[in-house]
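Every chain is numbered from 1 and lettered A, B, ... according to where its sequence line falls, protein lines coming before strand lines.
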Number of protein chains: 2
Amino acid sequence: MSEIRVIEIKESIFADNDREADRIRTRLKEEKTFLLNLMSSPGSGKTTTLLRTIEALKEEIRIGVMEADIDSLVDAEKIAGTGVRSIQLHTGGMCHLDAGMTEQGLDEIGTEDLDLVVLENVGNLVCPAEFDTGAVKNAMILSVPEGHDKPLKYPLIFTVCDALIINKIDVLPYFDFDMEKVKEYALMRNPRLEIFPVSAKTGEGIDAWCDWLKGQLRDHGCSGFV
Amino acid sequence: MSEIRVIEIKESIFADNDREADRIRTRLKEEKTFLLNLMSSPGSGKTTTLLRTIEALKEEIRIGVMEADIDSLVDAEKIAGTGVRSIQLHTGGMCHLDAGMTEQGLDEIGTEDLDLVVLENVGNLVCPAEFDTGAVKNAMILSVPEGHDKPLKYPLIFTVCDALIINKIDVLPYFDFDMEKVKEYALMRNPRLEIFPVSAKTGEGIDAWCDWLKGQLRDHGCSGFV
């Protein structure tokens, strides 16, 4: 039914995950490939946001996507529809990816001719935040229906991220979500956090997010901007 | 500032979690105390649903609540406001509770004079599903904004639950959420799953959920129905 390439990744054999992650970053710097680790809760709109991002950038940047999932193909099939290179990483029940697992994915997708690889991490606000994947930058999505108190309840993920996308702003009128408070709480965890309110559904705010991402790729020396 | 009792629970020392869980269930049967393990993603409305449930049942049932959280008191303070006995379990970063950790909570809250103890598990659809806590029944909440595809992406949690609460039905008009499909997918995972569409915000559907819960307590021999 599907032609998605599925990789059953194994638990990492590296004792020192942080060192392995640094090794991946060195490799990515040499290859001028930018790896973005995208995290969020289930249902916050990671895949839809990614579809919008791909649509906005795919003409100027060579993009690859690694979809990590417990065991389905739901998201990978949507991403494959955009025409960018994508693979599905099956974690075999594991709730996060570490550096070794990420590297298995990078080897499979082939990074040399890509400017941007997005790792769509397992939907979970807890475990993925604890493992450095080797990504150049970490981003997370918090959606309006989840509530503005999440930086108080899941502090670590807000601390390790460089960018926070606040998705589903189109439904703000129907939820008791305080945008000023969520910014205050998130910046309390991480004063350098870049915050992007967006609606992946309507496209609102996607440009600002993509501009930030393009700036990051430029800083990384990616060659796609010719 | 807060008078919530906070318990820093330790990682379990039991090698055989399933046996420890069965031991807890035997104890709860003798004490006629019903333990409900409530799981969901972050932001699906666990605490609000619990507040509605407490409001509906607290006059006829003696209720206690154990709030498990990485490290905040946000939810426990709301629950304490209802007047029911509550404690906060801090997992020290751990993404789930196992049977040994749950028992530490039960010992601290004191179960002899309670009919119903609700364990509000850590917000996560992956890890909590993997560990039997010793609960008599497991329930989960999926909220409308998370999407109807979640039983396809997080199969285990739907398999281990006895009841599925579909929360935030008040915002159904603003999301592409197919109620028939979510029921079909969830029942595919678990044909015995009881499904309760509710709005914890408006109170719609809470009665049916509470009736089911009361039936479960009756079957367990709880003495609160006098």
J.: Any residues in residues 163-172 of chain B near chain A, with a heavy-atom distance under 4.5 Å, and which are they?
T.: Lys168(B), Val171(B)
J.: Is any side-chain heavy atom of Glu120(B) closer than 4.5 Å to a side-chain heavy atom of Asn37(B)?
T.: no
J.: Where the side chain of Lys153(A) meets the backbone of Gly43(B), is there a donor-acceptor pair that is under 3.5 Å apart?
T.: no
J.: Could you have a look at Asn124(B), Leu125(B), Val144(B) and say which one has the most heavy-atom pairs with chain A under 4.5 angstrom?
T.: Asn124(B)
J.: Grab the two heavy atoms, one from Gly105(B) and one from Leu89(B), that are nearest each other, plus how far apart they are.
T.: CA-CD2, 3.8 Å
J.: If we ignore hydrogens and angles and just use 3.5 Å, is the side chain of Arg85(B) paired with the main-chain N or O of Ile63(B) as donor and acceptor?
T.: no
J.: Within this structure, what is the CZ-CD1 distance for the pair Phe158(A) and Ile195(A), rounded to the nearest 0.5 Å?
T.: 9.0 Å
J.: What residue in Leu156(A), Asp149(A), Val126(A) has the most heavy-atom pairs under 4.5 Å with chain B?
T.: Val126(A)
J.: Taking the side chain as C-beta and beyond, is there a heavy-atom pair between Leu36(B) and Leu119(B) under 4.5 Å?
T.: no
J.: Given 3.5 Å as the limit, does a donor-acceptor pair link the side chain of Arg189(B) with the main chain of Pro151(B), or not?
T.: yes
J.: Identify, with sequence neighbours excluded, every residue that meets salt bridge (charged side-chain N to carboxylate O under 4.0 Å, His left out) alongside Glu204(B).
T.: none
J.: Which one of Gly45(B), Gly123(B), Ser44(B) has the most heavy-atom pairs closer than 4.5 Å to chain A?
T.: Gly123(B)
J.: For the side chain of Arg52(B) and the backbone of Lys201(B), is there at least one donor-acceptor N/O pair under 3.5 Å apart?
T.: yes
J.: Where along residues 129-142 of chain A does a heavy atom come under 4.5 Å of chain B, listed by residue number?
T.: Glu130(A)
J.: For Ser41(B), run the side-chain hydrogen bond (donor to acceptor under 3.5 Å, both in side chains) check against Lys150(B), Glu146(B), Lys46(B) and tell me which one passes.
T.: Glu146(B)
J.: A side-chain contact here means heavy atoms from C-beta on lying under 4.5 Å apart; do Asp98(A) and Met101(A) qualify?
T.: yes
J.: Got a salt bridge between Arg25(B) and Asp22(B), using NZ or NE/NH1/NH2 to carboxylate O under 4.0 Å?
T.: yes
J.: Do Glu67(B) and Ser86(B) have side-chain atoms, one donor and one acceptor, less than 3.5 Å apart?
T.: no
J.: Give, for atom CG of Asp162(A) and atom CG of Leu213(A), the distance between the pair rounded to the nearest 0.5 Å.
T.: 11.0 Å
J.: For chain B, which residues from residues 175-187 of chain A have at least one heavy atom closer than 4.5 Å to it?
T.: Phe175(A), Asp176(A)
